[in-house]
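Count residues from 1 along the sequence.
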Amino acid sequence: METFRLKNIAILILLLLNIGLLALIASQRWQSRRVESETVRQLETLCQTSQLTLNSRLQLSQPLLSSLSLSRRGETERAIAVYLLGGSAVSASQGGGIYSYSSEKGSIQFRAGGSFDGSRLSVEVDDITEFAQQFCSQFGYQNMTADVNSRSGSVTAVQEVAGVPVYGCTVSLYFEKGVLTGVTGAHVSLENAAVESAGRIDCITALVRFLDYRNAAGVVCSEVTDIQCVYIFQAAAAAVRLRPAWRVETDTYPYFVDCTTGDISRG
């Protein structure tokens with residue numbers, strides 16, 4: 001009987017502890033939401049004072065991205081070359097981290113920093129739009145923009161990794177009378193990516209910094225239409241990095257706020 005009573009007391013104590021922990025967690029979440037709500041209110045007040053409107057659809061609680069260090073992936077380089085030049089493309093080292101792929105249709109060079117280019121290509125294309133769309137779909141490029149007239153012109157797109165745009169990591173395909181004559185671009189892969197550091201500047205802080213920059217630099221804009229955490233492509237020699245930044249869309253131009261340093265640049 002005494003043992004049964006002790007068990008009941010222990011169960012009651014554990015139950016009370018769990019209730020206390022749940023109440024503490026709920027209180028912390030409520031406090032966090034209250035602080036966030038007050039911060040948003042203060043941001044809106046600052047913007048109203050400076051005659052800057054924040055679009056009602058802005059997502060201000062987006063997660064931060066981390067800086068990434070990337071490794072070269074030869075398999076992807078070869079796949080790009082084969083898509084553009086055909087399966088007969090042969091690789092050769094040019095030294096200095098440069099590899100070339102050549103066939104009877106031309107030659108494309110890939111550098112350790114992630115960039116690639118090819119000129120004087122001669123690749124006949126039946127449907128430019130379909131050819132470019134399939135290339136973009138296979139290698140992760142989005143937001144394709146075509147400037148083609150009479151089967152001549154260019155197609156440009158931006159790469160995405162894990163659903164995040166990588167600005168500075170683009171591809172451009174050039175056509176003349178239905179023939180692919182050149183390509184320039186860059187490509188990255190998250191395989192074997194290493195996290196270097198986490199971003200420190202959240203969405204609301206980025207907007208405050210942009211507001212200060214706008215007022216100090218005399219930037220002409222009246223509304224922030226969108227904000228998104230994106231990657232900026234950086235390549236130096238063989239080192240390739242993706243740095244997170246907030247892309248602030250305005251009714252005039254886009255701006256980037258570095259998630260680590262807070263530096264601001266126009267997109």
Side-chain angles (χ1 to χ4, degrees), residues 35-36 39-40 42-47 49-50 52-55 57-72 111-115 140-143 156-171 185-267:
V35 170
E36 182 179 340
T39 303
V40 170
Q42 292 176 356
L43 171 64
E44 291 174 342
T45 300
L46 283 173
C47 290
T49 302
S50 299
L52 179 67
T53 302
L54 299 179
N55 191 288
R57 296 190 299 272
L58 294 185
Q59 299 294 324
L60 302 180
S61 58
Q62 299 177 51
L64 280 165
L65 298 172
S66 298
S67 297
L68 300 177
S69 176
L70 306 181
S71 301
R72 186 172 190 173
R111 294 168 179 79
S115 65
Y141 293 94
Q142 303 290 333
N143 299 323
T156 302
V158 179
Q159 190 185 356
E160 287 189 1
V161 292
V164 180
V166 182
Y167 286 89
C169 200
T170 62
V171 66
H187 191 279
V188 294
S189 172
L190 291 185
E191 187 170 338
N192 299 321
V195 176
E196 291 192 328
S197 62
R200 295 193 295 267
I201 297 177
D202 61 19
C203 183
I204 293 176
T205 303
L207 286 172
V208 172
R209 285 180 178 268
F210 171 72
L211 180 62
D212 290 341
Y213 172 83
R214 169 185 177 267
N215 294 339
V219 171
V220 178
C221 67
S222 60
E223 182 183 9
V224 174
T225 59
D226 193 18
I227 184 168
Q228 182 184 14
C229 201
V230 301
Y231 280 122
I232 305 295
F233 174 72
Q234 290 187 331
V240 179
R241 291 181 175 84
L242 298 184
R243 288 180 63 89
W246 292 101
R247 191 174 194 266
V248 181
E249 287 275 1
T250 74
D251 54 350
T252 54
Y253 298 101
Y255 294 84
F256 293 101
V257 182
D258 191 292
C259 287
T260 303
T261 65
D263 293 339
I264 298 176
S265 59
R266 201 175 95 173

Exercise for review: Report the C-alpha distance between C221 and F210 in whole Å, list the side-chain angles of each, state the deciding distance to 0.1 Å, and finish with yes or no for side-chain contact (heavy atoms from CB on, under 4.5 Å).
Suggested key: CA-CA 11 Å; C221 67; F210 171 72; 4.0 Å; yes

**Study point:** Derivation of the side-chain contact (heavy atoms from CB on, under 4.5 Å) call for I227 and C203
**Key:** CA-CA 8 Å; I227 184 168; C203 183; 3.7 Å; yes

Point to revise | side-chain contact (heavy atoms from CB on, under 4.5 Å) between N143 and Q159, worked out | key: CA-CA 9 Å; N143 299 323; Q159 190 185 356; over 6 Å; no

Review point. Do L70 and N192 pass the side-chain contact (heavy atoms from CB on, under 4.5 Å) test, and can you show the C-alpha distance, the side-chain angles, and the key distance before you say yes or no?
Key: CA-CA 7 Å; L70 306 181; N192 299 321; over 6 Å; no

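Rounding to the nearest 0.5 Å places CD1 of I201 at 4.0 Å from CZ of R209. Note that the SG atom of C169 and the CD1 atom of I232 stand 11.0 Å from one another [nearest 0.5 Å]. Considering CH2 of W246 and CG of D258, their distance stands at 12.5 Å, rounded to 0.5 Å. Between H187 atom NE2 and Y141 atom OH the span is 4.5 Å, to the nearest 0.5 Å. Here the CG atom belonging to L211 is positioned 7.5 Å from the CG atom belonging to L43, to the nearest 0.5 angstrom. Between the CD atom of E44 and the CD1 atom of I204 there is a distance of 9.0 Å, given to the nearest 0.5 Å.
Nearest heavy-atom pair, P165 versus V230, reported as atom, atom and distance to 0.1 Å: O-CB, 3.7 Å. Shown here for G113 and A235, the closest heavy-atom pair between the two residues is O-CB, 3.3 Å. Shown here for D202 and T205, the closest heavy-atom pair between the two residues is OD1-OG1, 2.6 Å.
Checked by atom type and distance alone, the side chain of Q228 never pairs as donor or acceptor with a backbone atom of Q59 at under 3.5 Å. At least one donor-acceptor pair under 3.5 Å links the side chain of T252 to the backbone N or O of V220. The main-chain N or O of S50 is found under 3.5 Å from a side-chain atom of R214 such that the two form a donor-acceptor pair. Without hydrogens or angle criteria, E223 side chain to L54 main chain gives no donor-acceptor distance under 3.5 Å. With hydrogens and angles ignored, the 3.5 Å screen pairs a side-chain donor or acceptor of T49 with a backbone N or O of T45. Looking only at distances, a side-chain donor or acceptor of R200 sits under 3.5 Å from a matching main-chain atom of T260.
Residues T250 and Y255 meet the side-chain proximity criterion, which asks for heavy atoms closer than 4.5 Å. With a 4.5 Å cut-off on side-chain heavy atoms, L46 and L207 do not count as touching. Residues C229 and C259 form a side-chain contact, since some pair of their non-hydrogen atoms from C-beta on lies under 4.5 Å apart. Looking only at side-chain heavy atoms (C-beta outward), V164 and L242 stay at 4.5 Å or farther from each other. Here the side chains of L68 and V195 are in contact, with some heavy-atom distance below 4.5 Å. Contact annotation: the side chain of Y253 never approaches that of V219 to less than 4.5 Å [non-hydrogen atoms, C-beta and beyond].
For T225 and N55, the side-chain atoms include no donor-acceptor pair closer than 3.5 Å. A side-chain donor from one of S222 and D251 sits under 3.5 Å from a side-chain acceptor of the other.
Centroid-to-centroid, the aromatic rings of Y167 and Y231 stay 6.0 Å apart or farther.
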